[in-house]
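Given the structure is predicted, the values throughout are model-derived calculations rather than measurements.
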Amino acid sequence: WNTGFYYKPRIDWNTLVEQQDGLIVLSGCPGGYPTRLLENIGYDAARVHCSDLKNRIERYYIELVPEPGLNETTAPQLVNLAGELVIPLVITADAHFPRPGDHTAEDIILAVGTHSKLSAPDRLRLPSYQYCCSEEELLERAKIVCPSTPTEYLQQGLDNTHAIAAHCYVELPQVNRVIFTHHASVSSQQVLLEKITAGLKRRLKNGDIPAEDTARYLTRLQQEYDLICQKGFADYMLIIDDVVRYAKSTGGLVICRGSATGCLMLWALGVSEVDSLTHKLSFDRFYDPTRPDPPDVDVDFESELRERVIDYTFTRYGKECCARIANISSYGAKSALQDVAFVHGIPRHEFSCVSRDLENDPPLFSPESVAVLARHPQLGDYRRLVGQYRQSSVNAAGILISSSPIMEAVGVVRGVGQTPVAAVNKDDAAYLGFLKMDFLSVKTLDVVAAALKNAGLTPDALYKLSLSDPAVLSLAQRGLLTGIFQLSGGAASRVIKQIGADSFEDLVAASALCRPGPTGWVDDYATYKRDRARFDRYLSTLSPIGQDIVKDTYGIVIYQEQVMSIARDIAGLPSADVHGLRRAIHDKDVLDHIWQGKFMGGCAANGVRPQEAAYWWEQIKTHGSYSFNRSHSVSYAIVGYWMLWLKTYHPAHFYEA
């Protein structure tokens, strides 16, 4: 992928001949070699060129792209070349958009891509007839540019189009799972088991696990290990462990966040510093057993360390087997409107009211917007662009690892600094079998790392902190939250002041309660927390199962895991439906028309009172506005607690950082 590039990818004739196995070679469109030779040098030069390739390439065709008004001089000459040299003729059409009515949208997108106004006289543009035309229309075009050629001969060229299409079949290969490099005589499952066992012993020795709880930890670890190995993800866990182990060996600050903190295995390995049993985190939220691809382990690094970790990964697993991931974005209504306005030269202040109205779902245009659209009807073309691909960029965090060179499965393009970028989005990458890892850098970690360094401390000082230090919590109780991750200013600060911060658990709840879903229940949380008798009366109105789900959150469904528990334990839904409901929770129509019936039916079958079933369903629906999973809240709260600790005991270094 590093050769043959000069402004645009290209290939020389000798390489084409050498690599022709499996290829069908057409002479080219009106911008191709034979046509350019005919136009600029003459017929003899074109004949020599085509004759040479006919003798060197097994499946070589003279291509005729009939474009009335553009190539009526060269088209008959191409047909003559095919007949004279006994090279099969194939008739094709340049198709840049599917239907004639799509030309306007294509023209706008092309103008946007070249940063041109539609009115620019010399801009790049496509003819309006470059759409997917029918065979009959293509034949009529060919008759126009080659009026003296027999129709039967032109029909043979169209028949060759069918024949070539029948021979073209390409399937992107699925790659084999990446194998963690270790001694060939030991299985990945065995290596993982040994690492987990060693990690558990280390945690016991450090006093991270109460001796009397050892059996509970062993049981949970065995359950997780069995499922991960059964699904074939042992190598994935080993690679995660390998990369984080390297990062920590450099003395850098690393956190594992999100649903991954619900995996006790990652804590035993040392990838995560969150004990999922102590914090009551669910492995089920981390991994859905119905998924064919590995779970997501999100790891955050301080900025400078992240680049070193990426370099390590590329070196460790092979530069040709690693790549960044592309982000392929499509037009939404507002971005489409902005680009349409740009190419038409309409200033932003002219259409800002329309842009605001497009934020509604569905759009509700004000009289002012209706007037703007009447004055500039071309703005209505934004509808043609919605859903079309707009641009590609590099995914901020995603890294692909393959067991074989990535370019054997998908295209690879050059990113900034010659970094290889796989021309595939993250969802398709998982489908093709690539291992996807998310390495993120968070500015907050840069602050924490700098404060630690200035104070002469290492990250281990944070990993071992007690999360119930009264002095640290006092800072939060007094509302001294400036500079504290996720708790500084805005909604989170107000929530902290409203509910109080008597414990680390309140910090966890605060980061979740300020999300759009649960935020309407903050008053209830604060009320029940202060009035225990009132809370007990409320709990008594719920079934015992319901009480267990909300007793630790003062009766409020704050976290996604609680939604899953309601679906599983109250409605009795199977695991696949529990995860299906969680994924559909943001789609109101699907939720109302499919999942409400399933949920209420499950509650009825489980003997849940209709009133209570309706109550739980209303609680679930609030999470459609976005909510945190508890694992995410805990990992965020821990970073916030670290900063509170630094602010309490090392204030000068904290403020300096």
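The aromatic rings of His632 and Tyr636 lie tilted to each other, with the angle between the two planes from 30° to 60°. Taking the six-membered ring where the residue is Trp, Trp13 and His49 present perpendicular rings, their angle passing 60° and hence far from 30°.
Between Ile585 and Trp595, every side-chain heavy-atom pair lies at or beyond the 4.5 Å cut-off. In this structure, the side chains of Phe314 and Ile399 come closer than 4.5 Å at one or more pairs of heavy atoms. Contact annotation: the side chain of Leu400 never approaches that of Arg324 to less than 4.5 Å [non-hydrogen atoms, C-beta and beyond]. Taking the side chain as every heavy atom from C-beta outward, Phe97 and His103 approach each other to under 4.5 Å. At least one side-chain heavy atom of Asp339 sits under 4.5 Å from a side-chain heavy atom of Tyr331. Looking at heavy atoms from C-beta onward, Leu337 lies in side-chain contact with Phe351 at the 4.5 angstrom threshold. Looking only at side-chain heavy atoms (C-beta outward), Phe434 and Val410 come within less than 4.5 Å of each other. Between Tyr317 and Leu435, every side-chain heavy-atom pair lies at or beyond the 4.5 Å cut-off.
Using modelled atom types, one side-chain atom of Tyr236 and one backbone atom of Pro295 make a donor-acceptor pair closer than 3.5 Å. Between the Ser335 side chain and the Gly332 main chain, a donor and an acceptor come within less than 3.5 Å of each other. Of the possible polar contacts, one joining the Thr161 side chain to the Ile91 backbone as a donor-acceptor pair under 3.5 Å is found. Asn360 contributes a side-chain N or O that, together with a main-chain N or O of Asp357, makes up a donor-acceptor pair within less than 3.5 Å. In this structure a side-chain-to-backbone donor-acceptor pair under 3.5 Å is present from Ser488 to Gly483. Looking at Thr313, its side chain does come within 3.5 Å of a backbone N or O of Val309 through a donor-acceptor pair. No donor-acceptor pair under 3.5 Å is formed between the side chain of Thr35 and the backbone N or O of Gly31. One N or O on the side chain of Asp102 and one on the backbone of Arg99 form a donor-acceptor pair closer than 3.5 Å. Of the possible polar contacts, one joining the Gln20 side chain to the Arg56 backbone as a donor-acceptor pair under 3.5 Å is found. Without hydrogens or angle criteria, Ser627 side chain to Gln560 main chain gives no donor-acceptor distance under 3.5 Å.
Defined by atom type and a distance below 3.5 Å, a donor-acceptor pair is present between the side-chain atoms of Asp12 and Thr15. Side-chain contact check for Asn14 and Glu18: no donor-acceptor pair (N or O, by modelled atom type) lies under 3.5 Å.
Salt bridge absent: Arg36 and Glu39 never bring a charged side-chain N and a carboxylate O closer than 4.0 Å. Salt bridge annotation for Arg308-Asp311: absent, with no cationic side-chain nitrogen under 4.0 angstrom from a carboxylate oxygen. The pair Asp107-Arg123 counts as a salt bridge, with a side-chain nitrogen and a carboxylate oxygen less than 4.0 angstrom apart.
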Tell me, with the steps shown, if Cys168 and Ile24 meet side chain to side chain contact (heavy atoms under 4.5 Å, CB included). CA-CA 9 Å; Cys168 291; Ile24 297 171; 4.3 Å; yes
Using the salt bridge (charged side-chain N to carboxylate O under 4.0 Å, His left out) rule, take Arg384 and Asp381 through it: C-alpha gap first, then chi angles, then the decisive distance, then the call. CA-CA 5 Å; Arg384 299 174 183 267; Asp381 287 335; 3.2 Å; yes
Go through the steps to decide whether Glu302 and Lys443 satisfy the test salt bridge (charged side-chain N to carboxylate O under 4.0 Å, His left out), and finish with yes or no. CA-CA 7 Å; Glu302 52 183 294; Lys443 288 183 179 179; over 6 Å; no
Stepwise salt bridge (charged side-chain N to carboxylate O under 4.0 Å, His left out) check, Asp296 with Lys436: CA-CA 8 Å; Asp296 289 324; Lys436 180 179 75 70; 3.6 Å; yes
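The minimum heavy-atom distance between Val340 and Gln378, with the atom names listed, is CG1-O, 3.4 Å. Nearest heavy-atom pair across Pro518 and His623 is CG-CE1, 4.4 Å. Counting all heavy atoms, side chain and backbone alike, Ile406 lies closest to Cys321 at CD1-O, 3.5 Å.
Taking the ring axis of Phe628 as reference, the NZ or CZ atom of Arg515 stays within 45° of it and closer than 6.0 Å to the ring centre.
Remark: of the listed residues His96, Glu137, Glu106, Glu137 is the sole one forming a side chain to side chain donor-acceptor pair (under 3.5 Å) with Tyr131.
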